[in-house]
J.: 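Have a look at this one.
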Amino acid sequence: MDTDIKQNHRFILYITILIMIIFPFTQLILQELSLQISKQLFFFLSKLVIIYVLFLFLKKKKVTLSSIRLKKVHIKYILLGILMGITVHMITMFFGRIQYYLLTGEWLTAEKIVGTLMESNENISFYSIMMIGFSVAISEEILFRGILLKQYQRMNIKSAIILSALIFSIYHMTVGNLVFAFVMGISFALLTIYTGSIVPAIFYHFVVNEIMRIIMHFPEKVTETYFKVMVSPITTITGLILFLSISTYLFIKVRKNNHFQSEKVMFFDRYIILLFLMYVIFLTIYIIKVKYAANP
């Protein structure tokens, strides 16, 4: 195996040890010393430490930001990442409700979702969500798509996508997350290779992780209406179709072109913004319809 890849694997192992052992142990020590620090602040600071360590690693390897694909892209690719994040959120809501039904024999309603989220996010500010969400997305995308995926691409494009997604899923450890993280790792990789930048994947990653917490900062009636729409079969089906369609298109393009996207504008690229706006308008109209149906 390539020496650089071995070094990257070792570095990921060190990061995992940092997250799974050193950070929790540090938090326990702080508690024993009666040093009060909120979980959100500690988590944010730990992610800043990881980002700092990442940049030290890149500096040591003499790697530039552009070479790990941390570079600006057209707004349409960021919108594509956000759109994919929204569709994944819909799909996870569906599977979450199925899991709840199998465990309890009852369907998880929008009211129950809102109640649970309000309890768990009671003391989390909007700014904390933004800082923590982007620190997680930036650190993981640099590590897995910026460093690891590019190293694997020296071998084979398909192997690179699968291996980087596999290590990404193992990194998230828990059994319940393994399959989901693997699928997400593949879609993050496809988007990164297609756009030639990790920035769209950062926004995609952020939306998947934090959209529910962001929604909880809207007024309660808006939040309840939103989740009523999210648990609707129509929303789930459209989200699944759109996600699979985009992912399939990206896979076909990436498979045919074992390199980053060229400067030539592709047919799909011309309509990304239109696709994003059409889907947002569809969701908005559906949310308004549900709201007025509930309050005629």
Side-chain angles (χ1 to χ4, degrees), residues 19 23 38-51 54 70 75 77-97 108 110 112-146 168-169 171-174 176-177 180-181 183-185 187-188 191-192 197-220 222-231 235-236 239 242-243 246 276 279-280 283-284 287:
I19 292 170
F23 284 156
S38 68
K39 289 183 179 179
Q40 291 78 30
L41 179 59
F42 183 83
F43 188 77
F44 174 62
L45 292 175
S46 67
K47 288 302 175 182
L48 287 184
V49 170
I50 291 172
I51 292 173
L54 279 169
L70 185 57
I75 186 67
Y77 295 128
I78 294 175
L79 292 178
L80 178 60
I82 293 172
L83 179 61
M84 292 180 75
I86 293 171
T87 58
V88 168
H89 168 57
M90 296 173 186
I91 297 167
T92 54
M93 286 282 293
F94 172 70
F95 285 108
R97 292 184 74 226
L108 187 60
K112 285 183 180 179
I113 295 172
V114 172
T116 303
L117 287 173
M118 285 185 72
E119 288 179 11
S120 60
N121 295 287
E122 191 174 3
N123 298 317
I124 303 178
S125 69
F126 179 78
Y127 298 107
S128 296
I129 292 170
M130 298 299 288
M131 289 189 298
I132 292 171
F134 274 112
S135 64
V136 170
I138 290 169
S139 60
E140 293 189 4
E141 290 311 311
I142 289 175
L143 183 58
F144 292 101
R145 261 60 66 179
F168 179 69
S169 65
Y171 176 82
H172 286 81
M173 299 302 284
T174 59
N177 275 342
F180 175 71
V183 174
M184 288 297 93
S187 61
F188 290 146
L191 184 62
T192 298
S197 172
I198 63 172
V199 173
I202 287 172
F203 279 88
Y204 177 9
H205 201 142
F206 172 81
V207 171
V208 171
N209 285 353
E210 305 297 339
I211 188 169
M212 284 204 289
R213 288 189 184 134
I214 291 173
I215 294 298
M216 292 309 298
H217 284 269
F218 285 87
E220 190 172 341
V222 175
T223 305
E224 283 189 9
T225 304
Y226 171 81
F227 282 108
K228 283 179 181 177
V229 171
M230 288 299 106
V231 301
T235 308
T236 303
L242 192 55
F243 175 75
I246 294 173
F276 177 84
Y279 200 65
V280 169
L283 286 178
T284 304
I287 288 171

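Computed from a predicted model, the values in this text were never measured in an experiment. The analysis underlying the following values was restricted to heavy atoms, covering all of them including side chains, and did not include hydrogens, waters or symmetry mates.
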J.: Could I get the full list of side-chain contact (heavy atoms from CB on, under 4.5 Å) partners for Thr236, not counting sequence neighbours?
T.: Phe94

J.: Scan for side-chain hydrogen bond (donor to acceptor under 3.5 Å, both in side chains) pairs involving residues 82-92, sequence neighbours excluded, and state none if there are none.
T.: His89-Tyr226

J.: If you look at every heavy atom in Met90 and Gly239, which pair is closest and at what distance?
T.: SD-CA, 3.8 Å

J.: Checking Phe227 now: which residues fulfil ring pair (Phe, Tyr, Trp, His ring centres under 6.0 Å) with it, not counting sequence neighbours?
T.: none

J.: Are Phe95 and Phe180 close enough that their ring centres sit under 6.0 Å apart?
T.: no

J.: If the test is side-chain contact (heavy atoms from CB on, under 4.5 Å), which one of Ile82, Val88, Ile198 qualifies with Tyr204?
T.: Val88

J.: Of all heavy-atom pairs between Ala201 and Glu141, which one has the smallest distance, and what is that distance?
T.: CB-OE1, 3.4 Å

J.: Return the set of residues passing side-chain contact (heavy atoms from CB on, under 4.5 Å) with Ile51 (not counting sequence neighbours), or none when no residue passes.
T.: Phe55, Ser135, Ile138, Ser139

J.: So, taking the atom named CD1 in Ile50 and the one named CD1 in Ile142, what distance separates them when rounded to the nearest 0.5 Å?
T.: 11.5 Å

J.: Would you give the length of the straight line joining atom CD1 of Ile202 to atom CG of Leu191, rounded to the nearest 0.5 angstrom?
T.: 11.0 Å

J.: For residues Phe206 and Gly133, report the shortest heavy-atom separation together with the two atoms involved.
T.: CD1-C, 3.5 Å

J.: The criterion is side-chain contact (heavy atoms from CB on, under 4.5 Å); which residues satisfy it with Ser46, sequence neighbours excluded?
T.: Phe23, Phe43

J.: Under a 4.5 Å cut-off applied to non-hydrogen side-chain atoms, are Leu242 and Ile246 in contact?
T.: yes

J.: Identify the two heavy atoms, one from Pro200 and one from Ser197, that lie closest to each other, and give their separation to 0.1 Å.
T.: CD-O, 3.5 Å

J.: Under the salt bridge (Lys or Arg N to Asp or Glu O under 4.0 Å) rule, collect the residues that match up with Glu140, sequence neighbours excluded.
T.: none

J.: Can you tell me how far CG of Leu45 sits from CE of Met131, rounded to the nearest 0.5 angstrom?
T.: 9.0 Å

J.: Take Ile91 and Phe243 through the side-chain contact (heavy atoms from CB on, under 4.5 Å) test and state the conclusion after the steps.
T.: CA-CA 9 Å; Ile91 297 167; Phe243 175 75; 3.9 Å; yes

J.: Can you tell me how far the CG atom of Leu83 sits from the CD1 atom of Ile78, to the nearest 0.5 Å?
T.: 13.5 Å

J.: Keeping the roles fixed (side chain from Thr235, backbone from Met230), state whether a donor-acceptor pair exists under 3.5 Å.
T.: no

J.: Test of understanding: with ring pair (Phe, Tyr, Trp, His ring centres under 6.0 Å), list the residues that count as partners of Phe203, not counting sequence neighbours.
T.: Phe134

J.: To the closest 0.5 Å, what do you measure between CG (Leu79) and CE (Met84)?
T.: 13.5 Å

J.: Minimum heavy-atom separation for Ser169 and Ala181, please, with both atom names.
T.: CA-CB, 3.6 Å

J.: Check the angle between the aromatic planes of Phe188 and His205 and answer parallel, tilted or perpendicular using the 30° and 60° thresholds.
T.: parallel

J.: For Glu210 and Met130, what are the C-alpha separation, side-chain angles and deciding distance, and is it a side-chain contact (heavy atoms from CB on, under 4.5 Å)?
T.: CA-CA 8 Å; Glu210 305 297 339; Met130 298 299 288; over 6 Å; no

